[in-house]
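For reference, the structure is listed below as structure tokens.
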2 protein chains.
Amino acid sequence: MRRTIWIYGLMLGVLVVVFKTLEYKWLIKDLSWQWSLSLVAVLFMGLGIWFSQHLNKAKAPDRFKVNQTAIDTLGLSTRELAVLEKLTAGLSNQQIADALFVSVNTVKTHLKNAFTKLEVNSRVQAINKLKALQIVP
Amino acid sequence: MRRTIWIYGLMLGVLVVVFKTLEYKWLIKDLSWQWSLSLVAVLFMGLGIWFSQHLNKAKAPDRFKVNQTAIDTLGLSTRELAVLEKLTAGLSNQQIADALFVSVNTVKTHLKNAFTKLEVNSRVQAINKLKALQIVP
DNA sequence: TTTGTCTTCACCCAATCGGGTGATTGGGGC
DNA sequence: GCCCCAATCACCCGATTGGGTGAAGACAAA
């Protein structure tokens, strides 16, 4: 939002410069009134499109925002989240254990507790719920 | 793309009308040169932003389009796809069997073949690959 | 200090899953 | 007619998973 304000401010500044330039007809002394006007119109329409695209692109690559509220209400711990993240990547319990430098039993415990908190009873259901709750991308 | 062309054509039409209006100063006879120019600039920048947003919104509702090409190159059959779809929903083999009115063994066979074609060896990996290939949402 | 939570690990057991082999049926194409 | 392939099902086996119980250390809060 602050970004938008800055951009509009900048646009107004540019506007002033262009007007001053046109006012004294430094560059366009040979151009007629209509032509200079259309130039300005096209220029600013282009700028509008460009800025809009830019703003959109800035927020469009729908970068994932973790839903911390959901994590808190579910009561998922740090370690449980780490295990779930690996789970989402398609790793087996043994692979998760290797990745996190813990025993398979530990991974199983974390997953058991996480499943209980998520109210699911399979890995795929867990993943679907995590995605639905915006806890993982 | 054709849509864009239409819009730009329309914009040019509006441009002409505005210029004619300004040329004869029907509405702005009391306005100074700078003010009318800034009016045009702001107006067209706004139009540019508006059109850009509009175009973006038109294509943004990223509704899912099945990647039939990927399905064909992988050689996934109709039944395999049906099973994979249920799999994605988080169903167990038995639940898939009940949903599709076939035996669990059949489901297992389809899944086995599908896994081979997808070059994966677990349900979660299969889901990840299917999503990456845009075969399921 | 006691309590509670998080993290770690172990053992057990039933259910499920992944993977292999083999067989039958029906439809389409040669 | 013959062949191929999708679809269906069966059986087997080892690996994995889901779920239960228990316990120990660490650490923060009461």
Using side-chain heavy atoms (C-beta onward) and a distance below 4.5 Å, is [X] in contact with [Y]?
X: A:Val107; Y: A:Leu87; value: no
X: B:Val66; Y: B:Gln134; value: no
X: B:Leu81; Y: B:Ile135; value: yes
X: B:Leu84; Y: B:Leu111; value: yes

d([atom1], [X]; [atom2], [N]) in whole Å:
X: B:Leu84; N: C:dC17; atom1: CG; atom2: P; value: 14 Å
X: B:Leu118; N: C:dG18; atom1: CG; atom2: P; value: 12 Å
X: B:Lys108; N: D:dA15; atom1: NZ; atom2: P; value: 15 Å
X: A:Leu111; N: D:dT17; atom1: CG; atom2: P; value: 9 Å
X: B:Gln125; N: C:dC17; atom1: CD; atom2: C1'; value: 13 Å
X: B:Leu74; N: D:dA6; atom1: CG; atom2: C1'; value: 17 Å
X: A:Leu100; N: C:dT7; atom1: CG; atom2: P; value: 12 Å
X: B:Gln94; N: D:dG18; atom1: CD; atom2: P; value: 17 Å

With a cut-off of less than 4.0 Å, is there a side-chain N or O of [X] near OP1 or OP2 of [N]?
X: A:Asn93; N: D:dT17; answer: yes
X: A:Ser103; N: C:dA10; answer: yes
X: A:Asn105; N: C:dC9; answer: no
X: B:Thr106; N: D:dC9; answer: yes
X: B:His110; N: D:dA7; answer: no
X: B:Ser77; N: D:dA7; answer: yes

| query | Cluster question for you: counting only ILVMFWY and a side-chain heavy-atom cut-off of under 4.5 Å, with indirect links fine, are B:Val124 and B:Leu130 together? | reply |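 Looking at the clustering, B:Leu130 is in a separate group from B:Val124.
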| field | Closest approach of B:Phe115 to B:Ala126 (non-hydrogen atoms, all atoms of both residues) | value |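 Closest approach of B:Phe115 to B:Ala126, heavy atoms only: CE1-CB, 3.7 Å.
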| request: For residues A:Ala99 and A:Lys86, report the shortest heavy-atom separation together with the two atoms involved. | output: CB-CE, 4.0 Å
| query | Taking for each residue the nucleotide of DNA chain C with the nearest heavy atom, is it A:Asn113 or B:Asn121 whose nucleotide lies nearer the 5' end? | reply | A:Asn113
| query | Where each residue is assigned the nucleotide of DNA chain D containing its nearest heavy atom, which of B:Lys112 and B:Glu80 is assigned the position nearer the 5′ end? | reply |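 Nearest nucleotide further toward 5': that of B:Glu80.
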| query | If an axis is fit to five pairs at each end of the helix from C:dT1-D:dA30 to C:dC30-D:dG1, what is the angle between the two, to the nearest 10°? | reply |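 Between the first-five-pair axis and the last-five-pair axis there is 40°.
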| remark: Value for CD (B:Glu119) from NZ (B:Lys129), rounded to nearest 0.5 Å, stands at 5.0 Å
| said: Classify A:Thr109 by what it touches in the nucleic acid, base, sugar-phosphate, or nothing, heavy-atom distance under 4.0 Å. | reply: base
| query | Of the nucleotides C:dT16, D:dA7, D:dG18, which has the atom closest to the B:Thr78 side chain? | reply | D:dA7
